[in-house]
*Asks:* 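Quick one: the structure is below, and I'll ask about it shortly.
In listed order, ligands and their atoms are each counted from 1.
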Amino acid sequence: MEKGIQKLKGLLAEVVDLQRSAAVLAWEQQTYMPPGGASARAEQLATLGGLAHRMFVTDEIGGLLAELEQSAGDWGYDSDEACLLRFIKRRYERERRIPTDLVAELARTTAIAQEVWVQARKAADYPMFKPYLRDVLSLRRQQAECLAPYDHIYDPLLDEYEPEMKTAEVRAMFASIKDDLVELVGTISERADAVRDEALHGDFDIERQRVFGLEVAQKFGYDLERGRQDEAPHPFCTHFSSDDVRITTRFDPTFLPSALFGTLHETGHALYEQGVDPRLARSGMDTGISLGVHESQSRLWENLIGRSRPFWRYFFPQLQAVFPDALANLDLESFYRAINRSAPSLIRVEADEVTYNLHVIIRFELELDLLTGMLDIDELPGAWNEKYQRYLGISPENDAEGVLQDIHWSMGAIGYFATYSIGNLLSVQLFNCAREALPNLDADIAAGDFDSLLGWLRDNIHHHGSKFTPRELVQRVTGGDMDARPYMAYLREKYSDIYDL
Ligand code: ZN
């Protein structure tokens, strides 16, 4: 048994090495690669992706998994070995059904599509991107078909990002919050004048923004000996091991919150990856378990900490010193309200906490319709604009502010968006547990001390990497299932206070 598990770990380590090497190339494509490098990079990513897949779905790994399963009862349920076996078996059974050629083709097509998306977004030119989107959608449909039978074609795609979650559950979750959110947006808009954010628009030197953002990130616990920050058109976090976890940011010299909260957000992702137990290195379990749980960490640091009063009690004087012209005459309370101003807007990543999930619901509904064939790619911008009008009462003037704003579809990430809302909901559920365990949390935060919170997150979430399914993890921490009610209660309380509702 010991020999078998060592053999399996050795084979998995090679697969993980190839995947992480591909991740380095993907990171470099979005940060430094000149546009001309795109087609060669697409081939490199297809080769590496195909190779990693081929080396994973072998009969040898299948045989080892079957053999080890015989003796799995000897391991405790929580042991690294038992968790590895469950985790890899699930992944193996899935990947084994997808042809390596399709994996490689997806890697190649999406690498090119991402480059075209960057250009198309710049030019607000949807027709430029459309044929590539058609190819990506077709490949993702083929992938889903390999994993049939399913209840909904979205299921196997969602499962890649949020293991075991079903489309029907996401629908039910959205149904339980959508009407309340639309109503809350309406109530706040009647009091729109109560909160102003003019002070956040102006002239904010990018270098100063970068320095301040990174200072906060380090204060949170982001270790720059094991991380770094670069610029990219769409902010993200990636990792090549828990000792090399990188974030990217996009700066706007005219609007302060954009890069600041973007940095806090990506730092939340990075803290998760840096906190994974080193014993899990190169096993494939050495990463966050799902995008929903990942997003719970980024949103926790970005919103529940970064947009809270205690946090700014500590950091606002420092921010004022960095931008005295813009902020010297602003008081803390006005600043707190300004960064929490809620108003319908077009760009998801910059949306406030109240409207954010409506951006996600729109994308989720469109993806379902695209996958089932109810909506054609030709009609997508029109359908996008119509939904923005219906849910948020606004519609974009061009496709760069509309259907072209997100990188996800060009990356093949269809089935991904729902995890943003799962993350929002979980962030509050998990934070409530942290609060209960740490009675001095607000005082710690107001003193600029995040050690107790990070320690709690490390012990309860980060450390486990992918050892437990999202459902198991939530159960272990909260004692129950994912629940939208704490999130809605949080929003209502916070915004009733800010807008005096
Ligand atoms: Zn995120």
*Asks:* Mind telling me whether Phe417 and Tyr420 have parallel, tilted or perpendicular rings, with 30° and 60° as the class edges?
*Replies:*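 Ring orientation, 0 to 90° scale: tilted.
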*Asks:* Taking the Zn ion (ligand 1) as the centre, how many protein N/O/S atoms fall inside a distance shorter than 2.8 Å?
*Replies:*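 N, O or S atoms of the protein closer than 2.8 Å: 3.
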*Asks:* Cation-pi between Arg91 and Phe56: NZ/CZ under 6.0 Å from ring centre and within 45° of the ring axis?
*Replies:*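 Because its charged atom misses either the 6.0 Å distance or the 45° angle limit, Arg91 does not stack over Phe56.
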*Asks:* For Asp399, what residues pass the side-chain hydrogen bond (donor to acceptor under 3.5 Å, both in side chains) criterion, not counting sequence neighbours?
*Replies:*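 With neighbours one apart ignored, the set is empty.
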*Asks:* Could you pull out all residues at least two apart from Ser421 that satisfy side-chain hydrogen bond (donor to acceptor under 3.5 Å, both in side chains)?
*Replies:*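 With sequence neighbours excluded, Ser421 shows a side-chain hydrogen bond (donor to acceptor under 3.5 Å, both in side chains) to Asn357, given in chain and number order.
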*Asks:* Applying side-chain hydrogen bond (donor to acceptor under 3.5 Å, both in side chains) as the test, list every pair that has at least one member in residues 335-348; sequence neighbours left out.
*Replies:*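 Pairs touching residues 335-348 that pass the test: Glu333-Arg337, Asn340-Lys494, Ser342-Asp352, Arg348-Tyr356, Arg348-Asp406.
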*Asks:* Taking C-beta and beyond as the side chain, do Phe220 and Phe450 meet within less than 4.5 Å on heavy atoms?
*Replies:*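 Yes, at least one pair of side-chain atoms sits under 4.5 Å.
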